[in-house]
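The structure appears right after this line, and notes come after that.
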Amino acid sequence: MGEAILFTLFSLSAVAFALGMVFRRNAVHCALHLVGVLLSLSGMFVLLHAQFIAAIQILVYAGAIMVLFLFVVMLLNVKGETPLLTPGAAKGFGFFFAFIAFVELLWIVVSQGGTEGEPAPVPALPPNFGSPAEIGKILYTTWLFPFEVTSILLMIAVVGAVVLAKRKFA
Amino acid sequence: MDAAFLIESAVKVLIVLGFVLLGVPLIVWMERKVIGHMQDRIGPQRVGPFGLLQTIADGIKLFFKEDLIPGQADRVVFFLAPALSVITAFVALSVVPFGDKVTVFGRDVPLHVADVNVAILWVLGTTSMGVYGIVLGGWASNSKYPLLGGLRSSAQMISYELAQGISLVSVILMTGTLSLAGIVAQQEHMWFIVPQFFAFVIFLLCGIAETNRAPFDLPEAETELVAGFHTEYSSMKFALYFLAEYANMMVVSAVAISVFFGGWRGPFLPPVAWFLIKLSLFLFFFVWLRATFPRLRYDQLMAFGWKVLLPASLLNLAVTAVVVALTG
Amino acid sequence: MGLTLLWLVPLLPLVGAILNGVLAGTLPRKMVSAIGVGSVGLSFAIAVACFGDLLALPPESRRVTQGLFTWIQSGDFHAEVRYALDPLGAVMMLVVTGVGFLIHVYSTGYMGHEKAYGRYFSYLNLFTFSMLTLVLADNFLLMFLGWEAVGLCSYLLIGFWYQRPAAAEAGKKAFVVNRIGDWGFLLGIFLIFVTFGSVDFATVFTQAPQRLAVGSAVATAIALLLFLGATGKSAQLPLYVWLPDAMEGPTPVSALIHAATMVTAGVYMVARCHIFYLLSPPALQVVAIVGILTALFAATIGLVQNDIKRVLAYSTISQLGYMFVGCGVGAFASGIFHLMTHAFFKALLFLGAGSVIHALSGEQDLWKMGGLKAHLPWTHATFLIATLAIAGVFPFAGFFSKDEILYQAWLRGGPLLWMAGVIGAFMTAFYMFRLYFLTFQGRSRVSEEAMHHLHESPKSMTGPLMILAVLSVIGGFVQVPILAGGQRLDQFLEPVFADAVDLAPAAHAASAAGAEVGLMVISLVVALMGIFVAYKFYVADPELPRRLAEQMRGAYRLVFNKYWVDEIYESFVVQPIYQGSVRLWERFDAAVIDGAVNGVGRQIERGAELLRLAQTGYVQVYALILTLGAVVLIGYLALR
Amino acid sequence: MGSMGVPTEYYQLVAALLFTIGLIGVLVRRSALIIFMSIELMLNAVNLSFVAFSRQHGQMDGQIFVFFVMAVAAAEVAVGLAILVAIFRNRETASVDEVHLLKG
């Protein structure tokens with residue numbers, strides 16, 4: 001029962017925060033709402049036996065990436081937009097496409113589920129599922145090459161960011 | 001999730017909370033006293049014996065002060081920010097073991113609020129969330145100095161968090177666990193400050209910077225930024241920031257004790273007492289630093305963090321990794 | 001353990017080449033020398049170990065292969081990078097690494113003041129790797145790789161001083177002429193693959209006698225195509241023209257590539273593929289005839305050349321001709337034997353010449369030398385040994401190997417072939433001693449300035465000279481006892497050429513020890529006569545050659561100008577092709593191809609003009625279109 | 001927790017909802033910053049989906065994917081924000097429809 005309650009709580013807060021993020025005018029508020037979504041998702045990760053990912057979610061996503069966002073928002077001092085949304089037909093098309101996409105995703109989730117409309121049962125998991133040790137094991141064996149590639153990607157990003165930020169614009 | 005567990009947890013939460021709330025005035029008093037003596041003054045002595053109640057009196061004063069909110073401020077965020085600061089500090093403390101198991105009413109009660117198996121990540125995560133309290137406070141005031149102070153502070157915290165985390169990783173490499181209780185358990189024969197002295201030094205320096213204490217207290221450099229991010233804060237909200245700063249000092253000290261100084265371990269005295277003694281010594285050290293060192297310049301601070309501490313911590317990690325790999 | 005390290009033999013020089021090539025300019029000279037010389041030295045040591053292991057095996061199982069990885073796998077076609085060591089390969093491997101090592105050592109002295117020191121050693125190491133790949137390859141494709149790579153290195157090293165137009169031209173010429181030969185070789189490999197469905201040596205050589213009848217057209221075609229490759233690489237008629245020009249390269253290069261190793265690749269290849277030649281008597285005959293004609297032709301040119309290195313170059317061509325004569329009469333082991341001894345004394349001659357040139361600050365004209373005996377004692381002594389060896393004087397190495405070829409020519413090729421060989425031997429002795437006398441004996445014609453700098457070369461140069469001199473003296477004794485039947489090298493090579501016995505051309509004369517000794521005496525006398533005539537011409541009566549040249553002006557000019565072959569090639573081959581190419585470029589290239597390419601480009605440009613109207617520049621419009629695509633895709637997947 | 005757990009489908013529904021909200025943000029907001037955040041939201045929705053499937057199949061590869069997504073997101077944010085700052089310095093705007101040079 002505990003999981004169900006927490007799931008309801010986290011999912012509601014995640015969706016509410018997400019809506020707030022998309023429709024708030026003030027960029028700082030948007031960023032804070034996104035932090036709210038991230039924290040809710042972190043809670044859901046714990047429910048899903050992904051403790052390490054949950055911790056990383058807070059540490060990296062909420063703690064580092066979003067702070068960076070906040071920084072930029074504050075540095076740029078972007079005032080609330082006028083108007084908020086894209087004008088004209090693009091907005092209508094945007095909502096329309098997003099709606100269709102949602103219906104399709106819904107369709108997939110429902111149709112690909114368990115037999116006869118019943119949701120697939122949740123399997124029992126080993127006790128150390130999602131622990132840092134287990135993550136480390138497969139990360140440094142099966143996924144070693146992608147891992148190294150990712151590290152190179154990050155380095156490239158760092159160099160790119162520094163170059164972009166340092167360049168003097170005429 | 002039986003009822004006993006709930007009660008037990010609630011009690012522990014209350015104990016920790018009460019300890020922090022009562023401890024902070026004591027620390028403030030100690031700070032003023034110690035600095036006073038170091039500067040050849042006496043320090044507070046009027047209110048209560050040895051001026052012990054001085055901080056309480058200050059707190060009461062703050063409580064009754066008028067709560068000013070700047071006209072252009074973002075009210076919600078303005079309220080939220082100091083609360084965020086305090087909450088993260090408390091949450092971080094919840095995973096620190098402050099004593100061995102005790103047996104109460106036939107139950108084995110481990111003396112920490114929660115034994116999270118990713119405790120160190122938890123501490124790092126919550127302290128990184130603490131950045132929000134400061135940066136948002138600075139922004140929400142809608143005033144130049146606080147904004148600058150807030151940005152400075154968060155840049156500083158993000159920068160030093162890296163080296164701090166990495167210095168902890170070398171200990172994690174040795175112990176193979178992320179749980180603070182587990183790390184304390186492995187220090188039965190030797191405190192980790194012995195093999196990991198450099199990691200400790202790096203951790204401590206980063207910790208001082210993380211808590212924005214002297215000589216890294218740039219965000220509130222009154223000579224240039226008035227009072228930094230909390231310039232516009234007054235009354236209880238100011239008190240909350242004040243509380244948060246000292247609570248954060250306690251977090252850093254408690255983590256340092258657990259990771260490098262054997263936690264609650266020690267001979268003769270009960271574990272909790274040892275923990276408190278070590279904590280007091282650490283806090284004294286913080287105060288001592290403040291009395292001794294002048295403030296760094298901002299560029300020096302950033303350069304020190306990125307060009308000295310971070311490489312040093314990486315080097316330490318590499319050496320540890322090699323040693324661990326070789327000794328198995 | 002030696003044989004398991006076989007792959008290191010070629011690999012070490014490659015590593016050296018990469019190190020020196022990549023780090024060229026950043027490493028100190030000593031480091032470059034250590035890498036360059038050390039890698040080849042180590043490789044030589046391993047080669048010796050491998051050779052020892054090979055000897056320990058019973059003769060019939062002396063063929064060891066070592067696969068490294070699959071190179072190409074495409075349908076039926078399969079090629080491995082696999083090295084094989086058998087007696088023939090072992091001899092070649094030892095010659096390449098051993099002589100190569102000595103020349104590397106020599107280079108540290110000779111090239112010591114060169115600016116592009118690292119580049120030089122990188123090329124030299126790369127060459128060693130390529131040559132080892134060539135001789136140790138286990139299939140035609142890998143061999144061809146080595147074959148092409150040695151050609152490349154040859155090109156790079158001839159044009160090492162690319163600032164000099166002559167060197168650049170010579171490199172280009174070597175490359176182009178070699179291409180003609182390579183074309184034949186490649187066609188030969190194609191034909192082999194079409195015929196046997198494989199390029200593996202083991203498969204091809206064992207199947208050849210079963211699939212191809214003696215004298216069949218396919219065997220002849222394969223043999224001749226391969227031989228075309230050999231004539232290019234080994235500088236035989238008519239593709240010899242590049243070798244004299246190749247002397248523009250540094251002298252150690254001439255010694256290593258254009259005397260001792262690379263140019264013998266053709267001989268090695270013919271010996272390796274002997275089965276095709278034995279299956280095709282006409283092809284075998286072609287080899288012998290081309291060989292003897294080249295031997296004589298080059299020798300006559302060598303008689304009158306004035307550049308010390310060019311004389312040696314023509315001498316090399318001539319000696320290679322002898323090796324082909326050996327192969328051409330079916331005595332492949334004799335050809336290989338001469339290849340080996342020749343590697344010793346010809347490398348020594350070149351290195352000695354290099355020492356002389358070094359001592360004279362770059363002077364190469366024989367008429368500006370003379371009387372150097374006193375100044376360059378070590379160079380002189382070793383050079384004399386080498387000259388005696390190439391002239392075929394007992395008991396030096398050349399005597400044994402050349403006489404064996406001549407004997408085999410007598411035995412299986414007939415008296416005419418033998419006679420031609422003996423005349424060649426006479427000329428060899430004559431021009432080599434002409435070279436020797438003009439350089440070391442008689443009156444000094446050295447210029448004042450050069451005289452001033454005259455000095456014996458450093459230890460790093462004379463050391464290899466001495467070792468090679470020793471080898472030139474004793475090299476022939478590997479064949480002892482020399483009389484028919486007991487030859488040790490022949491016995492060692494026996495497993496490789498075992499199948500040659502029943503297919504070999506019938507002997508014209510019965511082999512007899514008496515005849516063999518008699519022929520030896522004759523050729524020894526002929527060699528001594530050559531030496532005596534040279535002495536008469538260039539020491540006793542220095543005016544004699546000039547008078548003789550005056551009397552036979554026409555013949556002299558013909559020979560002196562190398563039979564005008566270069567000029568004939570220029571006007572009858574090079575110019576027509578060049579002019580034709582210019583025509584093609586103007587008519588076809590510029591008009592049709594460029595037109596088509598530009599036309600396509602212009603059409604695309606025009607289309608793009610239309611397409612770019614779809615680009616609004618607004619990111620969100622792009623995002624919308626992206627979403628549309630995603631929605632359609634997801635929809636397809638969902639409703640499938 | 002055994003079969004008592006919340007079915008994976010529910011998590012997928014939440015993920016789909018979050019993804020759609022993020023998509024709306026990308027398509028209709030004008031501020032480049034918000035668009036950027038919306039992309040992060042979409043990435044997180046996918047992450048949730050990954051983790052849910054990871055639990056459903058009892059394999060942790062899904063969690064590894066999340067790990068990689070985060071790394072990529074971090075890289076993307078670093079570069080993307082640097083670009084935004086550069087644009088802002090030049091043009092004093094963070095609105096995507098005032099920046100429309102992204103065409104040939």
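Just so it is clear, the structure is predicted and the values come from calculations on it, not from any experiment. All chains are named by letter (A, B, ...) in the order of the sequence lines, taking the proteins before the strands, and each is independently numbered beginning at 1.
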Chain C contact residues among residues 42-52 of chain D, heavy-atom distance under 4.5 Å: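 Residues of residues 42-52 of chain D touching chain C at under 4.5 Å: none.
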
Distance alone, cut at 3.5 Å: any donor-acceptor contact between the side chains of C:S39 and C:N125?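 Yes, side-chain donor-acceptor contact under 3.5 Å.
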
If you draw a 6.0 Å radius around [atom1] in [X], do more than 12 non-hydrogen atoms from other residues or ligands fall strictly inside?
X      : atom1 : result
C:W183 : CH2   : no
C:F160 : CZ    : yes
C:Y117 : OH    : yes

Any carboxylate oxygen within less than 4.0 angstrom of a Lys/Arg side-chain nitrogen, looking at C:E609 and C:R606? no

Strictly below 4.0 Å, N to O, side chains only: are C:E114 and C:R29 in salt-bridge contact? no

